[in-house]
Amino acid sequence: MAEPITEGPVALRTSPLSHLQERMGAAAGGARGVTLAELPFVTMVNVRVDPASAAADRIGRTLGAPLPRRCGDTAASSLHTIMWLGPDEWLVLSRADPGAVTTQLRQALDGAPGSVVDVSANRTTLELSGPAAREVLEKGCPLDLHPRAFGPGRAVSTTVGPIAVLLWQLDDSPTYRLLQRSSFADYLARWLIDAMSEYGGPRVA
């Protein structure tokens with residue numbers, strides 16, 4: 001993982017949800033264990049390339065995993081997770097420096113038709129986890145989130161409430177990560193806090 005930056009302008013960054021940290025923490029837990037937290041400043045790089053091209057193969061080798069070919073599929077290596085966004089578009093999440101990842105992927109593209117763009121500042125990430133996390137999302141997400149239809153490793157573009165998100169399930173806890181535009185993060189976080197409120201106590205028979 002890249003070392004945290006402690007000097008210069010980057011060290012002065014404020015996450016889109018820093019003002020809601022206490023509210024998110026206060027909404028967490030409860031008898032049924034739903035927690036909400038922001039994971040700010042994740043490296044995100046948008047990649048567009050013909051999936052059947054040699055350039056796509058080079059990009060896959062650079063990332064340590066092939067570009068997923070189907071809607072909802074993801075692929076991962078030690079540093080990177082690749083999410084399918086469209087027939088010729090992917091989002092790369094990384095624990096490495098955004099500048100380094102962008103440079104490496106542009107070198108792999110090597111002038112072929114396509115693009116590699118650092119979009120790290122475009123979105124922030126919310127993590128929702130716990131036994132009732134799926135029930136919270138089901139209050140405002142049109143997807144079928146039942147394990148028969150959606151499970152670990154799946155990531156799709158959808159909406160939660162009125163907000164467009166990239167929804168990614170990490171595990172069976174279940175743990176979800178919601179990637180939304182930073183300008184909509186405040187609304188979505190408040191929506192989730194409200195949706196979580198009933199899970200702070202015991203289930204009513």
Side-chain angles (χ1 to χ4, degrees), residues 1-2 4-6 8-28 34-48 71-72 74 80-102 105-106 114-130 133-143 145 150 154-170 174-197:
M1 183 178 294
I5 298 174
T6 57
V10 174
L12 302 177
R13 292 182 300 182
T14 300
S15 76
L17 294 173
S18 59
H19 62 292
L20 288 180
Q21 293 299 322
E22 289 188 12
R23 284 199 62 186
M24 287 191 289
V34 187
T35 63
L36 179 66
E38 182 190 19
L39 306 177
F41 312 132
V42 175
T43 293
M44 302 186 193
V45 178
N46 183 273
V47 174
R48 301 204 71 164
C71 177
T74 64
H80 315 294
T81 298
I82 313 162
M83 299 180 175
W84 187 97
L85 296 182
D88 66 349
E89 185 176 11
W90 297 265
L91 183 67
V92 177
L93 308 184
S94 180
R95 293 185 289 133
D97 175 77
V101 176
T102 303
L105 295 182
R106 285 177 179 166
S115 65
V116 174
V117 181
D118 176 10
V119 293
S120 304
N122 190 30
R123 295 182 175 98
T124 192
T125 304
L126 280 165
E127 184 170 279
L128 183 74
S129 183
R134 176 161 64 93
E135 285 86 343
V136 170
L137 290 176
E138 286 174 336
K139 292 183 177 186
C141 181
L143 289 180
L145 297 177
F150 197 84
R154 302 290 288 169
V156 297
S157 296
T158 184
T159 55
V160 175
I163 305 301
V165 304
L166 183 58
L167 179 64
W168 174 26
Q169 184 172 341
L170 272 71
T175 301
Y176 301 95
R177 288 186 182 169
L178 297 83
L179 286 64
Q180 63 286 310
R181 294 189 185 278
S182 296
S183 56
F184 297 134
D186 177 272
Y187 186 101
L188 181 58
R190 293 177 189 274
W191 187 96
L192 289 168
I193 289 169
D194 182 68
M196 292 166 59
S197 60

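- Here the straight-line distance linking atom CZ of R134 with atom CZ of F150 works out to 11.5 Å at 0.5 Å rounding.
- Atom-to-atom distance recorded for L39:CG and E127:CD is 5.0 Å, nearest 0.5 angstrom.
- Residues in residues 15-26 take part in no salt bridge (charged side-chain N to carboxylate O under 4.0 Å, His left out) pair, two or more places apart or across chains.
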Next on the checklist: Please determine whether side-chain contact (heavy atoms from CB on, under 4.5 Å) holds for the pair W84 and W90, giving the CA-CA distance in whole Å, both sets of side-chain angles, and the decisive distance to 0.1 Å.
Outcome noted: CA-CA 5 Å; W84 187 97; W90 297 265; 3.9 Å; yes
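- The side chain to side chain contact (heavy atoms under 4.5 Å, CB included) with R181 is formed by just one residue from the set V165, L188, N122, T124; it is N122.
- Atom CG of D186 and atom CD of Q180 lie 10.5 Å apart (nearest 0.5 Å).
- The existence of a salt bridge linking R190 and D194 is excluded, since no basic side-chain nitrogen approaches an acidic carboxylate oxygen closer than 4.0 Å.
- Residues P162 and Y187 have side chains in contact (heavy-atom distance under 4.5 Å, counting atoms from C-beta outward).
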Item to check | Test log, rule side-chain contact (heavy atoms from CB on, under 4.5 Å), inputs L85 and N46 | outcome: CA-CA 9 Å; L85 296 182; N46 183 273; 3.8 Å; yes
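- At least one donor-acceptor pair closer than 3.5 Å links the side chain of R106 to the backbone N or O of V116.
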Checklist entry - Could you walk me through whether L126 and L17 pass the side-chain contact (heavy atoms from CB on, under 4.5 Å) check? => result CA-CA 9 Å; L126 280 165; L17 294 173; 3.5 Å; yes
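- Inter-residue side-chain proximity for M196 and L128 is flagged as met; some heavy-atom pair is nearer than 4.5 Å.
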Checklist entry - Taking it one step at a time, do L137 and L192 satisfy side-chain contact (heavy atoms from CB on, under 4.5 Å)? => result CA-CA 8 Å; L137 290 176; L192 289 168; 4.2 Å; yes
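- For F41, the CZ atom sits in a packed shell: over 12 heavy atoms of surrounding residues, nucleotides or ligands are nearer than 6.0 Å.
- Panel note: side chain S94, backbone T43; no donor-acceptor pair is recorded below 3.5 Å.
- Panel note: side chain T74, backbone R154; no donor-acceptor pair is recorded below 3.5 Å.
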